[in-house]
Amino acid sequence: MASVLGLFLGGVITAIPVVTGVAEGVSYQQKQNEEAANETRMVKFNILVSCDSKDELAEEVDNGILVVRHERVWIVPRETKDGKPVPIDPVDDIQPPLHAFAGFYIQYPDDDRSPPERGLVSTISEDPPVLNWIYIDKNTYQARHGNRTASIEHMVGEWDWTEDESAVMLDGWEGFVAVDESEVPGWEDTPWGKEGLAWALYFDKDDNGLKGRKKGRKTFEIILGRRLQSEEDQLKQMEEANKKMQVKTQGDLKSQFTAPAADRANAWKKK
Ligand SMILES: *[C@@H]1O[C@H](CO)[C@@H](O)[C@H](O)[C@H]1NC(C)=O
Ligand SMILES: *[C@@H]1O[C@H](CO)[C@@H](O)[C@H](O)[C@H]1NC(C)=O
């Protein structure tokens with residue numbers, strides 16, 4: 001039985017077909033379908049960063065949180081507000097506010113990927129609640145966020161969690177690295193440099209310490225801890241999203257119905 005999942009991705013509602021083809025065999029197919037329908041994989045989480053290095057600079061990434069901004073994924077310090085981890089602005093009052101990664105696992109829709117890969121999505125804004133794919137640039141190994149078109153030629157999976165489900169894995173291991181972009185000449189003048197965003201997330205795809213890609217920048221191995229959003233938060237978020245949808249729908253209906261009335265008023269004025 002085929003089921004289709006509607007998702008708001010990159011500004012459009014995307015239908016993700018869960019049944020992907022007959023070539024892969026029934027048991028595999030079954031596993032994929034169960035996986036795709038597994039609500040546990042779709043529980044939303046934030047990502048908290050930790051770093052074991054004794055280097056003084058490592059303090060800048062240890063106890064951090066991932067935020068998505070400028071098509072990139074950054075590590076900034078965090079604090080706790082109302083029991084929730086929230087980013088601390090590296091420079092005063094960043095607008096629009098920094099948006100913490102808030103996402104979940106879902107199969108990446110691409111018929112050319114066989115077997116299909118488990119992707120990772122995150123909201124990139126609250127209103128509208130747009131989802132982006134988190135992917136690794138195939139040339140630089142930098143983590144990025146973008147729509148399907150932007151991500152499809154890059155590394156989009158297989159995203160996973162560690163055995164105890166406490167941390168994020170990609171391609172079977174935790175090869176995540178924080179890279180200091182502030183050492184790149186001209187950083188101050190980039191949109192992210194102006195906001196003090198220095199530590200970017202990379203993936204050490206070849207397990208060689210980003211050899212040939214480091215370009216003299218400081219790097220730290222980091223752990224991406226999953227911090228599940230409470231059921232209460234998830235419910236609240238869903239309700240808010242629904243409310244917004246309703247307001248928008250009503251708004252449209254209203255303009256639809258008031259237009260003739262306005263015409264009538266104009267016609268009456270002309271008399
Ligand atoms: C969903 O995932 C959880 C966590 O890995 C697992 O314990 C559970 O068995 C899965 N359920 C299904 C239906 O695959
Ligand atoms: C997808 O992202 C690209 C840039 O990465 C943009 O040019 C394109 O308009 C986006 N497509 C949609 C449907 O939003």
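Ligands are counted one by one from 1 in listed order, and the atoms in each one are counted from 1 as well. It should be emphasised that the depicted structure is a prediction, and the values quoted were computed from it without experimental measurement.
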Atom indices of ligand 2, in the order listed, that fall short of 4.0 Å to a heavy atom of A150 | 5 (O)
Backbone or side chain, does any N or O of T149 fall under 3.5 Å from an N or O of ligand 2?
-> no
With the 4.5 Å side-chain cut-off for hydrophobic clustering, are L98 and I47 part of the same group?
-> no
Contact atoms of ligand 2, heavy-atom distance to N147 under 4.0 Å = 1 (C), 2 (O), 3 (C), 8 (C), 10 (C), 11 (N), 12 (C), 14 (O)
Hey, quick one: are L57 and I65 part of the same hydrophobic cluster, counting side-chain heavy atoms closer than 4.5 Å, chains of contacts allowed?
-> no
E79 CD: over 12 foreign heavy atoms closer than 6.0 Å | yes
Do NZ/NE/NH1/NH2 and the carboxylate oxygens of D137 and R72 come within less than 4.0 Å?
-> no
